[in-house]
Structures are given as C-alpha cells and as structure tokens.
Amino acid sequence: KYINYINPQNRREAQKRHDWKEWESAEKIEMEKFVKYEYLTDFTPSRPIGKFIHTTRFVYQLKVLTDGSLDKYKVRFVFRGFTMVQDRDFTEIYSPVTQITSIKLFYYFVLYYELDNMVVDIESAYLNADIDRELWCELPEGFYYNGCRFARVVKAIPGVKQGAYLWFQLFVKELRRNGFIQQEVEPCLFVFFKDKTIHMLLIHIDNVMVGSNNRKSFDDLISKEWAKSFKTNYVSRTSVLGLNVRRVDLHTFAFSQCYYIESLVEEFGLENDKPTNVPIRFGIENDYNVDLLSKTVDPKIPFRSIVQKLQWVGRSSRPEILYAYNFFSRFNHCYNASLFEEARKCVLYLKGTKEHELIFSVNPQEKLQLRFVCDASFAQQQDRKSTVGIFGWLNKCLIYAHSSTVKTVLTSSCETESYAIFEASKASIFCYNWIRGFTKIEPPLFIYNDNQAAIAIMKVRSNAGRSKHFDVKLRYVVQLVE
C-alpha cells in the first residue's frame, strides 16, 4: 500500500491529498512543539527591523517500517539554512555520523556479549539544544501563529547548519555524565562496563542502537537521567536505517532488505519482468567506455538514483552486487538509456533473491580474529583503470565489503594488487582499533592476496626502480606487518 508513496512537496499539495486529515493532524503535533520546546519566541506580526530574516517550510514525510507497514505521518518544521552565513549565523557545524561497518560490528558484539538489542528514538532531538546565535525567521507560507508571521529562533531546529553539532555535543555531555566512555576510533560508539552491567550505544543522529544485559538499569537511565534533558521512545528494533534486523536466537542475527527491494522493483517498473540470475552481465566492461560516451545526459533517466540505491543495498546486506554498483557508478556523468537498462537488470537480480539474508552467527567462546581478502582486476575497464575488491570477516561474520575503481591508471598487476592490499590494510586497522577500544583482540590480522610479486616486495621491503612510484603504500603495509 505504501510502496513508493510520493510525499507532498508543500502544504498546498498536501491539502489536495485524500489523506489530508492525517497530514493536518501531523501538522498540529508539530505545532504543539512550539509551546512544548519553546524553540521559537518573540513572535511578531511585523518584520523585525535591522534583522536578517530566514525562511522556513514544512516538510511532509510518510515513514514506513522495513516490513512495509505504516510507522507514522510526520511533518517537520524546517529552517531553510541555505541563507545562513558563516561567522554571522554559525561557526562550528561538524557532527560525526556512524557508518555501516560500525553498525555490523555493533551487532556482532551484541551477540558476543549476549545483549538484548533495542532502538531508542530521541524525540525532536535538535530542539533540545540551545542555538548559539541570534536568528530570526518567517513562518511557513500560509501559516500564522496567534496572528504572527515572524519569530526568533532559540533552539537548534532542523535546517540550521549547526543543529547536528549542537545536539551531538549536548548528548555526548549527558552520556559522559552517565558514565559512558566515548570511543576514539568510532566517536558515535559509547560503552558502559561496570560490575556485571554492560550497555553499548551506537548513535545515528537521533536514533540510538542499544545493546544491554540489564534492561532495568537501562530503563532507569532513560526515565531518571535522560528524562531530565529530553524525551525518548523505544521504537521498532527490527528496522534500522532501512535495514531489517531479525534476531534469530541469542547468538544469531539475520539482515535483509526485502521491502526496500520491492520498492525498487515498483519504482523502476519491473513488476512484470522475470528475475535475472546474475547482478551484472559478463563482459559488460568491453561494451562501455567512459571516455567515449557523451557527457550530455538525459535528466529524465533516473540513472543516478538507481545507482545510489544499489549502493545502499550492496553495502548493507547484499555484498555480491557491489561490483555491479561500482561499475555503474563510473558512468554517473555520462550515462545513457542502454546503461540504465543494464542497471535495471541488477534490480531484477535482487527481485529474484529478495528473501536472501546476511547471517551473523557468533560463538562467544571463540577467539576474536580479523581476516581480510582482497583482489584486483588489472586494467579491466576500457579506459584501462583497475578495479579493487575487499571482503573482511570478524570470525565467521562478514563485517566489511568494498569495491572501487582506482582513480588513476596503474602500470602493472603487481602495483594494482599492492593497492588492494593497502586499502584492505586501512580497513582492517580501522576494525582492529574499533574492537580494541573496549575489549581484547590479539594480532595478527590476516590479509589474503594471490599476487606473489606484491607479497614478495612487501616481505623484503624492496625499493626497486619499478616499484618506487608506489613505495609509500608499500611502506605503510610493511610497517603494519612489522
């Protein structure tokens, strides 16, 4: 019912919809926050003199869970921050965001420590942080509050450039006060180990993935400590950033994106097409040359959209399509109808395998061990650029998958494979340091590659003439080995 529901672009469009009553109710809920959070003040019917007035709007979004069921109609009051000027309206704006590798590592250790997994939503997170500049705004078109059109902003409402920064700093301060330790390698990961109580939190903006072996302790933390600063709600633990997370048993998770794939099938008109057996056609590299294709593209072809969505599926739960995504992404500036049809075939492959799941099965008695495998295809593309692929496992769980095209033309298979080893080394060190921040993991880290020349150069620290131009990458790996 809700697959590919098109959200209203503005209030006038929402008023014409058959479900306007639901949108109107969502508007009222958002407007109640004016009073509840007091994020606007000094309301006035006339434009303030001597103040720069920023504009605002309502954003309408239908939120759907990963199983296709309705979550809620959501209307958000948004500050249009594109008119903000640095130093006048903001200074610091950076806020870290977690990544898919961290999410997989997090769920691995939920199993490893036999924790209960939950997801907590911080209600109107940004509105809990005070704004650090004087900002004035005009209310959305067609909307008045007690007869007024203008107001001063006092909270970090969505859209202000420093909103994420101010909210993250506020939340970090609260977590540290509660005894959590922020991890250096992954600043969105917070751990609490005290006596026999374990809490692990992974933050993604206003959503918090939680692992805990003491539910009462965590409930008390929310109700007695966090409630002083902000309101939280438990939400579906099976829906995490569009990824369906199914707890099979105490030591097993299954990750899938069945509903998301179904939405892709409908969006790109493939309901009546038969599934394909492979994500990308063999030999397709010989048929398309990025240097020869026209840079004038048809904007009506949703090529970039399908490529981005294939990337999310590949990185999240279906690593076998990452090579296909990587190939198509090279043509984002010079695509045509033929390439779009090839990309649609990748969606057809997903259609036939939509029930497939990525399984994490953990034995807490096993010693933690990282293993990475990397390979490269030398000069395979028509422009003679090479492709690199990397898989990484923590014990038997696939925590890392990557495929990319080397930006420059490499001159030998040895150099290409050495580049792959270099990239795998960086990824493995990130995972190693991620884990080492709160638990014990002993070296060595294993990186497998089948190129004997690359391995030999790194073993003997050779600096021969033919390898000198990529010596820096070699020395990085050699130092890690030493």
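Side-chain polar atoms of S386 and Y419 form no donor-acceptor pair below 3.5 angstrom. No hydrogens or angles considered: nothing links the side chains of Q9 and Y60 as a donor-acceptor pair under 3.5 Å. A side-chain N or O of T439 and one of Y113 form a donor-acceptor pair less than 3.5 Å apart. Y107 and N117 are not linked by any side-chain donor-acceptor pair at a separation below 3.5 angstrom, with hydrogens and angles left out of the test. Residues E138 and T55 bring no donor and acceptor atom of their side chains to less than 3.5 Å of each other. Inspection of the N395 and Y108 side chains reveals an N or O donor paired with an N or O acceptor under 3.5 Å. Residues S239 and N244 bring no donor and acceptor atom of their side chains to less than 3.5 Å of each other. Between the side chains of W167 and S95, no donor-acceptor pair is found at a separation under 3.5 Å. Looking at R318 and T353, their side chains do bring a donor and an acceptor atom within 3.5 Å of each other.
Between R57 and E141 there is no salt bridge, since none of the side-chain N atoms of the basic residue sits less than 4.0 Å from a carboxylate O of the acidic one. Between E267 and K309 there is a salt bridge, with a side-chain nitrogen of the basic residue lying less than 4.0 Å from a carboxylate oxygen of the acidic one.
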*Step by step, would you call K16 with E13 a salt bridge (charged side-chain N to carboxylate O under 4.0 Å, His left out)?*
CA-CA 5 Å; K16 298 177 183 178; E13 186 177 328; over 6 Å; no
*Could you go through the side-chain contact (heavy atoms from CB on, under 4.5 Å) check for D89 and L135 one step at a time?*
CA-CA 7 Å; D89 300 319; L135 298 176; 3.4 Å; yes
*Before giving the answer on ring pair (Phe, Tyr, Trp, His ring centres under 6.0 Å), spell out for F340 and Y335 the whole-Å C-alpha distance, their side-chain angles and the decisive distance to 0.1 Å.*
CA-CA 7 Å; F340 178 63; Y335 59 85; 8.4 Å; no
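The list of side-chain hydrogen bond (donor to acceptor under 3.5 Å, both in side chains) pairs with a residue in residues 155-166, not counting sequence neighbours, reads D130-K155, D132-Q162. For residues 78-105, every residue pair satisfying the ring pair (Phe, Tyr, Trp, His ring centres under 6.0 Å) rule, not counting sequence neighbours, is listed here: H54-F79.
At most 12 non-hydrogen atoms from other residues, nucleotides or ligands lie less than 6.0 angstrom from CD1 of I181.
Cation-pi geometry between R247 and F253 is met: the NZ or CZ atom falls under 6.0 Å from the ring centre, inside 45° of the normal.
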